[in-house]
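Just below is one structure, and these are the notes that go with it.
Counting from 1, the numbers follow the sequence of the chain as shown.
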Amino acid sequence: MKRNMKQWVADVIASPVKAAIPVLSFPVIQKMDITVEDLIRSAEAQSDGMALLASTLPTGASVSLMDLSVEAECFGSQIKTFAGEVPAVVGAVVTDEDEADALEVPEVGTARTGIYIDAIAKAVEKITDRPVFAGVIGPFSLAGRLMDVSEIMYTIYDEPETVHKVLDKVTDFLIAYIRAYKAVGANGVLMAEPLAGLINAEQSREFSCDYVRRIVDAVQDDEFVVIYHNCGISADRMVSALVDTGCVGFHFGNASNLPKVLFEMPKDKLVLGNVDPSSQFRNGTPESIREATLSLMEKCCGHPNFVISSGCDIPPLSRWENIEAFFAAVAEFYNR
């Protein structure tokens with residue numbers, strides 16, 4: 001369902017009570033009695049899962065899978081799946097400048113990208129009462145998966161031109177991929193760029209934020225917006241560079257100091273986060289997640305542009321009683 005997303009952002013900021021927007025997708029496998037493998041291979045399963053979550057949980061938006069293997073697989077990366085875990089990229093397809101030059105930009109729809117686009121097309125027909133966000137990877141994080149996450153950290157110093165060649169190509173692909181989501185009715189994308197949170201702010205601007213800006217300029221308008229996610233350890237030291245990307249909102253991991261971020265972030269930009277998905281949603285208790293959620297909201301809800309969320313994608317086998325305790329704590333806070 002098309003809607004004015006710039007107005008949606010303004011309305012969320014203006015509202016004294018804000019619905020939580022956790023990155024919640026993979027745990028639906030427990031409700032559907034399917035596997036992660038089933039979910040990532042089926043557009044119907046993904047859209048049904050999104051619809052199920054939207055119909056049973058008071059989220060402020062429906063968020064698709066945060067699967068950072070999809071785009072890399074499209075470029076030829078090998079993917080490994082594990083029971084109860086999100087897919088992982090193994091190996092590298094670009095190891096030097098010659099391979100960067102030879103890297104071909106795939107057609108959108110290659111490998112599983114067609115499944116994921118179809119899933120959003122189906123989801124927007126089933127979910128009409130809140131925005132629907134597709135999930136995509138960010139440019140530096142995609143380049144890192146193509147070049148190997150460890151190796152790219154050296155290559156940005158030793159052969160930065162090689163990294164920029166790969167970044168140019170993945171950026172062109174991501175623009176086309178996001179436009180495909182936009183064409184089937186998505187209201188926006190949540191762009192996961194965690195690898196940029198492992199380099200310093202200056203490097204992040206050069207190797208990530210400038211490319212994110214290119215993407216935002218190409219796809220964002222009144223009816224379609226980009227929310228940027230970074231759960232890296234340096235994300236909260238990148239606020240100036242992040243703002244320059246032009247994204248309407250920023251989602252931070254639990255490594256970030258959200259009160260600090262909120263003081264630095266412009267008041268018309270959404271700031272989302274950051275209850276720990278591992279220690280709380282996956283391994284915590286209803287009591288511990290209630291305490292963590294209320295504590296964070298007490299520190300941050302004085303800022304109208306703050307929206308409570310998980311710090312990252314909630315793991316597939318997270319306990320549902322913890323997920324429900326999170327939403328109960330949000331309701332408790334606003335009912336006080």
Side-chain angles (χ1 to χ4, degrees), residues 1-9 23 25 40 43 46-47 50 61-77 103-128 130-143 145-146 164-193 196 207-230 242 244-251 270:
M1 175 178 174
K2 287 193 177 295
R3 64 186 73 218
N4 186 324
M5 289 302 293
K6 298 287 183 66
Q7 187 60 51
W8 175 79
V9 170
V23 186
S25 55
I40 68 173
Q46 290 180 32
S47 62
M50 293 175 69
S62 176
V63 182
S64 184
L65 305 184
M66 186 180 282
D67 180 352
L68 306 191
S69 70
V70 177
E71 299 90 345
E73 184 182 34
C74 200
F75 274 88
S77 294
L103 183 68
E104 294 186 3
V105 178
E107 291 291 324
V108 172
T110 304
R112 285 181 292 132
T113 57
I115 294 173
Y116 281 51
I117 293 166
D118 190 31
I120 293 298
K122 295 176 185 300
V124 298
E125 295 297 321
K126 300 171 182 177
I127 305 166
T128 58
R130 69 200 76 186
V132 173
F133 284 86
V136 298
I137 197 171
F140 186 64
S141 297
L142 178 51
R145 278 154 180 78
L146 299 182
H164 282 297
K165 286 181 178 183
V166 175
L167 283 167
D168 276 328
K169 293 183 178 184
V170 302
T171 297
D172 287 343
F173 172 79
L174 289 171
I175 289 171
Y177 187 36
I178 294 169
R179 283 174 170 165
Y181 277 129
K182 186 176 182 178
V184 299
N187 302 114
V189 289
L190 178 64
M191 176 184 288
E193 185 69 316
F207 293 103
S208 173
C209 291
D210 287 350
Y211 291 93
V212 173
R213 181 77 209 202
R214 255 173 61 183
I215 295 168
V216 171
D217 286 345
V219 303
Q220 186 166 269
D221 56 28
D222 285 348
E223 294 184 339
F224 189 92
V225 295
V226 180
I227 294 178
Y228 172 102
H229 163 79
N230 191 328
L242 294 181
D244 288 344
T245 65
C247 296
V248 301
F250 301 92
H251 189 280
L270 292 176

Checklist entry - Distance from Arg112 atom CZ to Leu65 atom CG, nearest 0.5 Å? => result 9.0 Å
Item to check | Separation between CG of Leu190 and OG of Ser25, rounded to the nearest 0.5 Å | outcome: 10.0 Å
Item to check | Worked check of side-chain contact (heavy atoms from CB on, under 4.5 Å) between Met50 and Ser64 | outcome: CA-CA 7 Å; Met50 293 175 69; Ser64 184; 4.0 Å; yes
Item to check | Residue pair Thr110 / Phe75, side-chain heavy-atom distance below 4.5 Å | outcome: no
Item to check | Test item: Glu223 side-chain N/O and Lys2 main-chain N/O as donor-acceptor pair under 3.5 Å | outcome: no
Next on the checklist: What verdict does the side-chain contact (heavy atoms from CB on, under 4.5 Å) test give for Tyr116 and Ile40, after you've listed the backbone C-alpha separation in whole Å, the side-chain angles of each residue and the deciding distance to 0.1 Å?
Outcome noted: CA-CA 8 Å; Tyr116 281 51; Ile40 68 173; 3.4 Å; yes
Checklist entry - Taking all atoms of both residues into account, what is the closest heavy-atom pair of His251 and Val23, and its distance? => result NE2-CG2, 3.6 Å
Item to check | Closest contact, heavy atoms only, Pro139 versus Val170 | outcome: O-CG2, 3.6 Å
Checklist entry - Is any side-chain N of the basic residue among Asp172 and Arg214 closer than 4.0 Å to the acidic one's carboxylate O? => result yes
Next on the checklist: Whether the side chain of Thr171 engages the backbone of Asp168 through a donor-acceptor N/O pair (distance < 3.5 Å, no angle test) should be reported.
Outcome noted: no
Item to check | Gap separating the CG atom of Asn4 from the CG atom of Asp221, nearest 0.5 angstrom | outcome: 9.5 Å
Checklist outcome for this item: To the nearest 0.5 Å, atom CD1 of Ile227 lies from atom CE of Met5 at 6.5 Å
Checklist entry - Do Glu71 side-chain atoms and Leu142 backbone N/O form a donor-acceptor pair below 3.5 Å? => result no
Checklist entry - Taking Lys182 for the side chain and Phe224 for the main chain, is one N or O donor matched with an acceptor at less than 3.5 Å? => result no
Next on the checklist: I'd like to know whether Phe250 forms a side-chain contact (heavy atoms from CB on, under 4.5 Å) with Thr245, so could you lay out the CA-CA distance, the side-chain angles of the two residues, the decisive distance to 0.1 Å, and finally the verdict.
Outcome noted: CA-CA 10 Å; Phe250 301 92; Thr245 65; 3.7 Å; yes
Item to check | Test item: Asn187 side-chain N/O and Val132 main-chain N/O as donor-acceptor pair under 3.5 Å | outcome: yes
Checklist entry - Any idea which heavy atoms bring Gln220 and Val226 closest together, and the distance? => result OE1-N, 2.8 Å
Next on the checklist: Nearest 0.5 angstrom please: Ile120 CD1 to Tyr181 OH, how far?
Outcome noted: 6.0 Å
Checklist entry - Are Arg145 and Glu73 side-chain neighbours, meaning at least one heavy-atom pair lies under 4.5 Å? => result no
Checklist entry - Can you name the nearest heavy-atom pair linking Leu68 to Ala192, along with the distance? => result CD2-CB, 3.6 Å
Next on the checklist: Would you call the rings of Tyr177 and Phe173 parallel, tilted or perpendicular, taking 30° and 60° as the class edges?
Outcome noted: parallel
Checklist entry - Can Ser47 and Glu125 be said to form a side-chain contact (heavy atoms from CB on, under 4.5 Å), step by step? => result CA-CA 9 Å; Ser47 62; Glu125 295 297 321; over 6 Å; no
Next on the checklist: For a quick test of reading the model, state the closest non-hydrogen atom pair linking Ala143 to Val166 and the distance between them.
Outcome noted: CB-CG1, 3.8 Å
Item to check | Nearest-0.5 Å distance, CE of residue Met191 to CG of residue Leu174 | outcome: 6.0 Å
Checklist entry - So do Leu270 and Trp8 actually touch side chain to side chain, heavy atoms under 4.5 Å? => result yes
Checklist entry - Leu242 versus Cys247: any side-chain heavy-atom pair under 4.5 Å? => result no
Item to check | Close side-chain approach of Val184 and Val124, heavy atoms under 4.5 Å | outcome: no
Next on the checklist: Using only atom types and a distance under 3.5 Å, with no angle test, would you say the side chain of Glu193 pairs donor to acceptor with the backbone of Phe140?
Outcome noted: yes
Checklist entry - What do you reckon, is CD of Gln7 surrounded by more than 12 foreign heavy atoms closer than 6.0 Å? => result yes
Next on the checklist: If we ignore hydrogens and angles and just use 3.5 Å, is the side chain of Lys122 paired with the main-chain N or O of Ala43 as donor and acceptor?
Outcome noted: no
